[in-house]
Every structure is written in C-alpha cells, then in structure tokens.
*Asks:* 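Quick one: structure below, then a few questions.
Remember, predicted model here, so these are calculated numbers, not experimental data. No hydrogens, no waters, no symmetry mates; every other heavy atom, side chains included, goes into these values. Chain naming here is simple, since letters A, B, ... match the order of the sequence lines and numbering starts at 1 in each.
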Amino acid sequence: MKFDTPATTNPIDQLKVIGKPTDRIDGPLKTTGTAPYAYERHDVVANQAYGYVVGAAIAKGKVNAIHVLDAKAAPGVIAVITHENAGKITKGNFNTAKLLGGPEIQHYHQAIALVVADSFEQARAAAQLIRVDYERSDGKYDLAAAKDGAEKPKAGGFGGDPDTSVGDFATAFAAAPVQLDATYTTPDQTHAMMEPHATIAAWDGDKLTVWTSNQMIAWGKGDLARTLGIPKENVRLISPYIGGGFGGKLFLRADVLLAALGARVAKRPVKVALQRPLIINNTTHRPATIQRIRIGTDKDGKITAIGHESWSGDLPDGGPETAVNQTRLLYAGANRMTATRLAVLDLPEGNAMRAPGEAPGLMALEIAIDEAAEKAGIDPIEFRIRNDTQVDPEKPSRPFSQRQLNECLRLGAEKFGWSKRSATPGKVRDGDWLIGIGVAAGLRNNLVTKSAARVRLDQRGIVTVETDMTDIGTGTYTIIAQTAAEMMGVGLDKVVVTLGDSSFPVSAGSGGQWGANNSTAGVYAACVKLREAVAQKLGFNSADATFADGQVQAGNRSAALADAAREKELVGEDGIEYGDLDKKYQQSTFAGHFVEVGVDAATAEIRVRRMLAVCAAGRILNPKSARSQVIGAMTMGVGAALMEELAIDKRLGFFVNHDLAGYEVPVHADIPHQEVIFLDETDPVSSPMKAKGVGELGICGVGAAVANAIYNATGVRVRDYPITLDKLLAKMPV
Amino acid sequence: MPQASRQEIRFLLGGEVCIVRDATPTTTILSWLRDTARRTGTKEGCAEGDCGACTVLVGRIEDGNLVSEPVNACIRFLASIDGLQLETVEDLGGAHPVQRAMVEHHGSQCGFCTPGFVMSLAALKRTNPQPTEGEIDRALAGNLCRCTGYAPIVAAAMAAQPEPAHMRLDETIVAKLRALDDGTSLSFRRDGARWDSPRTTDELASLFLAFPDARLVAGATDVGLWATKLTRDLPHLIYVGAIDALRRVEQVDNTIEIGAAVTYADIEPIFDGLYPDFARLIRRIGGAQVRSVGTLAGNVANGSPIGDGSPALIALGAELVLRRGDERRALPIEEFFVAYGTQQRWPGEFIETIRVPLPAATTRYAAAKIGKRFDQDISSVCAALRFELVDGAILEPRLAFGGMDGVPRRAARAEAALQGRSFNEAAFEAAMLALDQDFSPIDDHRASASYRTRVARNLLLKFYRELAGETATRLEPDAYVHAIV
C-alpha cells in the first residue's frame, strides 16, 4: 500500500480497540518467566554446547600469538575458535569494527576467541587458560584531546549534513544584544538493558538458524549472511522476545557470529551469551560529545542567531553522534548554523542508543535555552513560546504536520505549579534541602519507513499476524493485536501475533521510535488486503463491507467473518510504503518536561522529587503502554542527568566501570512521582494509523530539565554531565 | 566435636525434597536452576548480584515459623541452601496476586527483570501486605528495571491483593524442613574443590584450624563474584551460615553480642531501636537480596575501605571476639584494620561475635553514607559519630569514616577538637577544621578528593544540627511522597 496523501477516515478511526488502555497481551508470559528468551531455549534444538567469549585485553594493536592448546585440552572442551580457524569473515554493513578480532585488535574487549564446551563452567574455566601475546599500539582515547583534529564526517544515513547554514549567523550573533556562548559535555553511556546479548546457533547442512535477541531482524539476517559469506536464503533469525535493547541490539553482534562459528566447528548447536562485564566494551555505546552552543536574541528574547556545533569520536570509518539535529528544527531564528565533527578514537564502537542525537543534543541545547532566557530576563517557558515555529526554520515552505509544543509547555506549567517557581535561583529551602524547578522542551522526529506483514484468517475466525517486527518491551505485540482486531472487527481474544522471525514479511523493526507507527501501518495494509479477500469470498463489495463483532456486513447482507475461511484459510499480505509526505511536511513529536529537585545544602546530594511530561505524539495507540514507555524514558533521562557515565582509562583505552555495579542506573528510590499527559492529537500525515513514535520522546529533554532544576535550586550551573555531587558541591557556597 | 557428615545437598524445591549430588562447591543456585533443573523462569542479568533478575526466595525456620527471604541466585552457592527451601517463580503458578497486578499495572515491559520483581514483591507482601511506597522502594532496591521506570511496578505493589491462604503452605513446609534436618553437616569434594557446612561453632573452629587456607563464606555477596566474575580458584569453602549459634543476637550486660552469621536483615530491626541511624545506614546497603544474606561480620572481615558497617561500628566502640581453635581474644574493631587489604587476624582465626555497647541515656549517635544513587551504591564517604552528652559537654567522642583512607578509621584530631567542649555549633566547626588534618583522601571515579574532604566536614555539621534537633531532613524514600497533578 502506497501512502502518499494524508489519511482520511478509515476503520482505525472507530477506536473500538485502538486507543484503549490495554494490558500487554504478553504480560502473563513475562510475569511467570515463561516468555522464551534466546539463551534459555533448551527446547528448540538438542545437544547444545556452551560458548564462553574471550575479549581482547588491549585497546589497539595486534595479536602476535594466541595459545589455545591448554584450553583445548581442558575438561569438556569441544573447540576453540579464533581468527586462525574461523575462516573468512567479512565485516557486516552495520558494524564498524569486526566482531571477531585478530590479528588486528580494534578496541578493548573485541572478541578474540570462543571456547566451546559441554558445560558453561567448563568453557569458562578453559577460557582462563588461553594465553595471548599482544603487541600494543598507541591509540587515541580522549575526545577533548582529539577534538582539534576532528574532521567533517560524510553526509547521509540518519545523520543529515555535517554543515548547515541559513542567513548570516556570524553577523547576526555579533550584533545580538543578548548573547550566550557556552560549551557543554555529555559522557559515553551504555544501554544497560537487562538481558545480555545471547544466541543459540544450529546448522543443518549449509542452513543456519539462530535464536537470538535482536531489534532489527532483516538487518541481522543480512549481516550474518554477509559476515559468514553465505547466501541470505540460508539464514534464519528468530527473536520473538527481547529483554530490552535501547539500540544495543540493533545490529549483528559477537554472540551471533561466534555461536554460528562455534556451532560450525563443534558440529553441534552452540549457545553464547555475552558475559555482563564484557558487554560494555565489546558492544556499542552512546558516544560522548562536546557541544558549543551560541544563541543571540533581540531585547525581547526573540532568537536572531542560533548556532550548535558538536564533536564526538568513533573508530575509523565510524559515524558521529548527531547531536545538533534538533537545533535545526526546535526554535525560530533567521540566522542559523550547525556543524558536526568526528574525531578518530580507539574506544569501543559508538552507535545508537535511545534517541541517538537528540538525547545528548537536547541535554545541551535545553540548558543553553534556559541560560539564554535568563540572560534575556524572560521566563524560560515564555522564552520558548516566543521562539516557536510552525514551519521548518530552514525551509519555511515546509510546515510541521503537527506541532503542539506551546500547548505542552502551557499545560505542563499549569499542572506542575510553575507559577510558584522562584525566578531567582537558590531561594527556596525546605530544611537542609534547596528546592528548584526546571523545564525543558523535547523533540524527536517521526521517521517513516516501509513495513510489511501477513495476516491469516482461519475457519475458527482466528486472525494471525506474522511479521518480522520485534517487541523489545515496547508493547508491539499488543498494539499489533489491537490494529488487527480493529481492522478485522474482532476482539483481542481472536488475534494471535507472531513476531521476530526472518521467515515472516520484513517490517520496520524496533529503533528510532519508528516501530509502533510503521509496523502497525504495515499490519493495517495487510488487513486491508485480507478484508478484500474476505469480501470477495463472501461475495460482498469490499468497498461497502464493514467488519464488526466478528461479522461482515454489506448493505442488508451479513455473514460471520469465520465463514469466509470455512473452506480454506485466507491470507492478506502487504506492506506500507511511503511517498514524499515526510519531505513536504516535517513530522516530529514534542514534549514539555518538568522536574522538581531537592539538593542537600551540606552534601549536594540530589533527589528528584517529582516529574511531569506533557507529550504531543500523534494518536496514542495504547495509552497504557505509551505512558509506561515515557515514564521509563524519563527515568533513563534522570540517570543521564545524575549518574550514567562510562569512565575512560585514557591511558589504556577502555571503559573502566563495565558492569552494573560501576555503571549506575537509577534505583527505585531515585525515582519520585512521575506523571505523563498525552495531548489529544491525530496526525493524518504520518500514516493510516495517524500515530507517531513516543518511546524516545520521553528521554528527549529530561536531562536538561533536571539540570535546570538543579540550577534553580542552587544557582550552580553544571554544564558537564552527569551532574555528580562533587561537581555541584565544589561550586556551592560553603 | 565432629558431627556426622553427608555428601549430597538436600533442600526443598517448592515443596518437594530435592537431592543434588553433582554440584561443585561453586555451583550457583542460578546455574543449577537454569541448566540442570531447567527452571528458566529465573533470569541471569549480571551474574554478580547487582540487578536482581535472578531473585529467588530461600525459606528457613525461625522461631517455629517459615521465613522466606529474597536472594540473588546468581552469586549464592547451591550448597548453602542445604536444609532450606528454594522457591522460584515457577512455584507461584501464574495467578499469584503479584503476577496479576504486574500485568494490570503494566509493571512488565521487556519482561527480563520481571520474575525477579515478582519474587521480591511476593516476599514483601507476605510480611507486609500493605506496604507504603517507601517500603516498596526499599524492598525493590535490589531489582533494576531499565524499561518501566519503576512507577508501574510500585503501582502494582500497592494494588496486589494479599497472597490467598490456599497458596500458603507454611506449616507443611516447616514440617518438611524439620524432617529434612537430621543434624548432619554437609561436606563434599567435587572437581578438586571442597565444601563444608559445619553445624556448630566448635566444629567450625577445629575445621578452620586444620584448614587455615580455606575461605570462610557467609552470604557470599562478595565471594560469589570471585567465582562468577573473577573466576578465581576457590579450592575449599567453609560455610558459616548453617551454625545456628552464630545467628544469635544476645544481650550480655551492657553489650549486645552479634554472631558471625547474623545478617543485615536480622540486625536492622534491633539497631532500629538502639541506634536508628545505623539501621538507616543498613537499609541503604545493597538491596534486600544482599541484606538477607550479607552479614555484619563478613563485611568487617572483608576489610574493605568502603564497607559501610565498619565505620558505624568503630564509632560505636564495638569489639570483635576472634577465635582460633579454642582460644578467644577480644579486639577493639578499629585495631582489626591494619592497612588496605590487611587485617589483624591469625591463620585459622575467625570473627565469632561482634560486641556492641548498648546506648546509655547520655549517648548520642549519628551515621550517614553518601552516594550518587539512593540504594545499591558504594559509598563515596561513610561517616559515624558517637559521644556522651554529659551536662552539656561532649565526652568520649568517637568519629569514624569510610572512603577517606585505605582502611575505615577514626578521625583523631577531630575527636580531640570535640572532647570536653560544650555541645554547640562552634565545637563542631572546630572539629570540621581539624578533620582536614586527619585525612588525605584520593580522587577516584566515585568522587573527587576535594569533595570527600568537604562532604566529610559538612557531614559533621549535619550531625550537629540533627542531634541538636535543628533539622531532620535526611534522605528517606518516604519523605518524597508528593502529590503531583
């Protein structure tokens, strides 16, 4: 189905199932621990052996020799895989570094060996017996030091142009009566999803099946085939349940490749989970940034010049963190520029983590806006409203399809009690606590991409959806079931959803908050096909047929839906494909984030006391799962503001705190009362579903709202995340 | 007196007797559950006791009743539940009120952490059917979730109905546990390693004298990681948790004597009545899974410069009773810590009890830990202060810090500045200044040296204000229950 004109009224608008707060249909599987995650699939294939991964102990250099004889001779060991016996391995399209290193080592904990044994303990014990002779090379591990040598990255992909310019930024900024010029830093962060990357691999002749944990089935299948040099048709990738991803499982990772290689050498199925202490340096992470922001306004606080430059690092041939992108869209201003620069660093591979670009970009930009508003002497909410734009500020002929940022901010201010905030920082005290309130705007774009599905109707009237879409905790199973139920006029109890299998039609996958809108639109398209088949079978004119309560009706004729499949199952298969509506319109989602903090005057301990997000994100398909997505993202935003940071050993080139004890994410008591309000919105430009993504919007701006609240509480502006106690106390009055 | 010994591990799995003969001393509950018993409902998130995805309940008889405590299965050795009950998510069926509430309130997203949360909540609701939000936060401090942001889980915890009577088989379990206990000690060797679970302190003393290189283990909240993460050889483990005598807390004259196997969870309510700040400190150590097995004595014996128990005990003037064979000696606890990684302990010698003086009417005590996150955080600074307030004067001040040096220790100059002074802000300001001469802390990832120095000082002022009744704004989750919109 081609979607190239804005949606008109369609069956989804009935909102009998869509839009209702619906319990997740996979909930009981999860609360009982019976949802099958990759590593525990003892059932799928017999005789599984265990693999244990050995990571490189240097960050850059080469392996001169790898001594595996002792490990091979250890009890229970079946095989040891290294670059010497792995065969030819081609780097995947989505990988920057090779998933099996050696002799060249590109980053610390790059996998260099897999030990396969009868038991996990045997594999782990034997792995300790491997000795490696390394030749260490000098590497670059410090972004600040490498910044001056950073270069312009190539354009394309999701990144946008490395340089953008409208009007005359330099002149306008120089002439502005109010000027802000400040530099902010965000650290390297890790996804810290609860389920480690894990795979079981089994060969049947030259056909390979992997049960794994992956957000993007088609990307994974393609890259696995490419890496091994085998035809795509010979690879099947199955990933129905995923214990969190946040971008960490977008791509083929070492567990998949090593399990496949191990199974080939061991001649039996092999299971591999990346050990938790290996994950952080072995896999991808959100790269650190240095961001310089300049804002010039007139006396009334109208932005006349806005400039945002960002520096990040990655391995050779890697990509930048696109932290400037939201600045091209969020505020008006005739003169603007952005610049993105990329330094070569020999740290582990940088790549996408929840809201790549916008999450760190808004952490900086939305402090800068707070600072500019203060310099202009204007309330920060009023400042944002004055600088609102309903069109793409770089191309005024291109409107936003929907933009209710002002409404988000106004409603949030009212609900949160913004009027009680002291404009002068450091003035509100509750015992030893300094109290402050902060605000930030959030923006995350709605990306459209094609997505397909197959829908079957059987003689019992059961509707089964098949698509390679994934549910990484987002609630995909449920919203797809809601979509099919709405389209086919049946209850959720008549819908079965099967996901995450590469033998199903290719979907959008889960990433970039694009999964919900695109994958349900694909299911919509397949359901339209199935409705046509049903109508035809029943002898109805499909244009007139309505589907409700398990019945199909046209004119004065009516039949049970199941009757259409009485003789033979009916199948509808189609996908959504988009025209140029995303070129004609800017499609984005918006949020106003409000945060209250307390800061202990004596210790600078920070406690977030309450939070509110007001979101405008198109039609909310399931308010229950959408709310939970936003709350979870707000919590990750608190982590980003206050504690999450990969500490770098700049001498040896690795992330030091590579486990869940050292890399701190918020615990229960760190998270206060949170509330989410969704504005009533439908966006007919986005898809037939009129929905947009929401899972990444929730983190966009939160960190800055926390930072601004801390400033309001203490009068101390910390521009280097995370805002830890020592950075804050150092600047607080004794 | 050596007891009869037994080589196979016996415990109740759910309600049925389970006998395991092929586990090694370092086989964890989790690997046995998932790989051998094929109970895969319990998940492995980190294998080092940080995330709680592997939470199971371990049941034991206490005062004739069944007590079920949440435990991290990933770092607890299977042999240590010999004679106890193991309960996993499979044992709850699927219709447990907590499971239903978690679905209804959307407390599960990716679902990987969910079975761990379900088990922690089941344990909480058994002892506290209507918990406050603060109590829920505390009970779930050892369970990380990266998806939900916790609020839906808290809502589920509030809403969940009590466990129906027909799901509780406590009396049956107690009877079965009694039947399981034949008084024998577990002792076995496998794959070149040995495990002993003595049942009496005398048996422990003679074993450790005979095998002074063995590693004593109680909660294994640290030693468990030596096996799973550091892959260190642990050729001989002696488990102290099966000795009932070491689980006792007794009052003897003006001291309480805390056995070596007494856990944080055991001692927290006792301290809550004697030294409430110590109890508050304990509530911020690890999570419930760590506190239900981690012991105060183990924390001291481990000798970490950042263990939270030690400064709190040093300030109290606690004493260790060290035992070697049949010999015992008492040692002021601060003398136990010699240098980073070195303690005053002879081969074959172990901590038998910790003696803590009871507070007098004149006793004042304060303790606090500073970290980035509320729970499960290693302190950047931990501080504790005790003194006697006699006729308005500060006497016998004992001020101790963790995180300020290679060992937890007292601040002699600051104590001198307080001794004999009137209890007022000036005295504490003098001590704050003196403190700078007491310590030269280091910069590390957790905090800068200058922060440590300044916050140590400021904590003294905070202690003064609290003890003087001026402010009481300490961090407690319950303090942040604000209505929002």
Side-chain angles (χ1 to χ4, degrees), chain A residues 23-24 27-28 30-35 37 40 42 120 124 128 192-195 242-244 276-277 415 431-433 472-473 602-603 605 607 609-610 612 624-625 628 631-632 634-635 642-643 647 656-657 659-661 664-675 724-726 729-730, chain B residues 31 34-35 38 40-42 45-48 50-51 53 89-90 94 99 102-104 106 108-115 118 137 140-141 144 146-152 229 231 370 372-377 445 447-448 450-451 454-455 458-459 461-462 471 473 475 477 480 482 484-485:
Chain A
D23 289 349
R24 62 168 55 243
K30 290 177 170 177
T31 55
T32 52
T34 50
Y37 298 92
E40 60 208 29
H42 298 289
F120 174 77
R124 183 175 68 189
Q128 314 310 315
M193 77 301 280
M194 286 298 114
E195 181 206 23
I242 297 152
R276 179 62 71 177
K415 297 285 187 192
D432 276 2
W433 292 103
I472 59 175
T603 63
E605 287 166 291
R607 296 292 173 236
R609 294 158 68 105
R610 55 194 184 105
L612 168 67
K624 209 166 192 171
S625 53
S628 207
I631 285 180
M634 288 157 75
T635 300
L642 299 181
M643 58 191 83
V656 179
N657 49 341
D659 54 40
L660 292 179
E664 296 188 16
V665 301
V667 298
H668 272 261
D670 294 323
I671 300 305
H673 279 217
Q674 296 169 317
E675 202 42 80
T724 49
L725 317 182
D726 46 357
L729 189 66
Chain B
S31 66
R34 290 178 59 86
D35 293 335
R38 297 284 160 96
T40 55
T42 309
C46 68
E48 54 174 332
D50 292 324
C51 77
V89 70
E90 285 83 359
Q99 290 171 310
M102 285 285 278
V103 174
E104 284 160 14
H106 213 83
S108 173
Q109 289 195 20
C110 86
F112 202 75
C113 68
T114 307
V118 165
D137 282 348
L140 298 179
L144 298 179
R146 191 70 158 157
C147 294
T148 63
Y150 301 120
K229 190 179 186 187
T231 60
I370 303 290
K372 285 199 285 279
R373 61 181 177 186
F374 192 88
D375 292 301
Q376 283 222 88
D377 204 355
H445 168 56
S448 63
S450 64
Y451 176 79
R454 187 162 158 193
V455 86
N458 287 1
L459 278 173
L461 189 61
K462 214 172 161 60
T471 57
T473 52
L475 308 165
Y480 303 101
H482 291 264
I484 188 162
V485 288

*Asks:* Mind checking what makes side chain to side chain donor-acceptor pair (under 3.5 Å) contact with B:Thr40, not counting sequence neighbours?
*Replies:*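 Side chain to side chain donor-acceptor pair (under 3.5 Å) check on B:Thr40 returns nothing, list empty.
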*Asks:* Which bit of A:Ala661 is near chain B, if near means a heavy-atom gap under 4.5 Å: side chain, backbone, both or neither?
*Replies:*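 Contact with chain B is through both the backbone and side chain of A:Ala661.
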*Asks:* Given heavy-atom pairs under 4.5 angstrom as the criterion, report whether the side chain, backbone, both or neither of B:Ser448 touches chain A.
*Replies:*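 Its backbone and side chain both get close to chain A.
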*Asks:* Measuring heavy-atom distances to chain A, does B:Lys229 have an atom under 4.5 Å in its side chain, in its backbone, in both, or in neither?
*Replies:*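 Side chain only.
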*Asks:* Can you tell me which of B:Glu90, B:His445, B:Gln376 forms the most heavy-atom pairs within a distance under 4.5 Å of chain A?
*Replies:* B:His445
*Asks:* Heavy-atom distance under 4.5 Å to chain B: side chain of A:Ala35, backbone, both or neither?
*Replies:*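 For A:Ala35, the contact with chain B is made by the backbone alone.
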*Asks:* Does any backbone or side-chain atom of A:Ile472 lie under 4.5 Å from a heavy atom of chain B? Answer side chain, backbone, both or neither.
*Replies:*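 Only the backbone of A:Ile472 comes within 4.5 Å of chain B.
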*Asks:* Would you mind checking which part of B:His106 comes under 4.5 Å of any heavy atom in chain A, side chain (CB onward), backbone (N, CA, C, O), both or neither?
*Replies:*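 Looking at B:His106, backbone and side chain both touch chain A.
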*Asks:* Under a 4.5 Å heavy-atom cut-off, does chain B meet the side chain of A:Pro277, its backbone, both or neither?
*Replies:* side chain
*Asks:* Name the region of A:Leu642, side chain, backbone, both or neither, that has any atom closer than 4.5 Å to a heavy atom of chain B.
*Replies:* backbone
*Asks:* Non-hydrogen atoms of chain A under 4.5 Å away: do they reach the side chain of B:Leu144, the backbone, both or neither?
*Replies:*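 Looking at B:Leu144, backbone and side chain both touch chain A.
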*Asks:* At a heavy-atom separation under 4.5 Å, does B:Val118 approach chain A through its side chain, its backbone, both, or neither?
*Replies:*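 The side chain, not the backbone.
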*Asks:* Give, as side chain, backbone, both or neither, the part of A:Leu729 having an atom under 4.5 angstrom from any heavy atom of chain B.
*Replies:*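 Its backbone and side chain both get close to chain B.
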*Asks:* Which answer fits A:Ser628, side chain, backbone, both or neither, if we ask what part of it has an atom under 4.5 Å from a heavy atom of chain B?
*Replies:*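 Both backbone and side chain.
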*Asks:* So which part of B:Ala47 gets closer than 4.5 Å to some heavy atom of chain A, the side chain, the backbone, both or neither?
*Replies:*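 Answer is neither: B:Ala47 stays 4.5 Å or more from chain A.
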*Asks:* Could you list the residues that satisfy side chain to side chain donor-acceptor pair (under 3.5 Å) with A:Thr31, not counting sequence neighbours?
*Replies:* none
*Asks:* A:Met634 versus chain B, heavy atoms under 4.5 Å apart: side chain, backbone, both or neither?
*Replies:* neither
*Asks:* Do the ring planes of B:Tyr150 and A:His668 sit parallel (below 30°), tilted (30 to 60°) or perpendicular (above 60°)?
*Replies:* tilted
*Asks:* Given a strict heavy-atom distance threshold of 4.5 Å, which part of A:Gln128 is in contact with chain B: side chain, backbone, both, or neither?
*Replies:*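 Contact with chain B involves the side chain of A:Gln128 alone.
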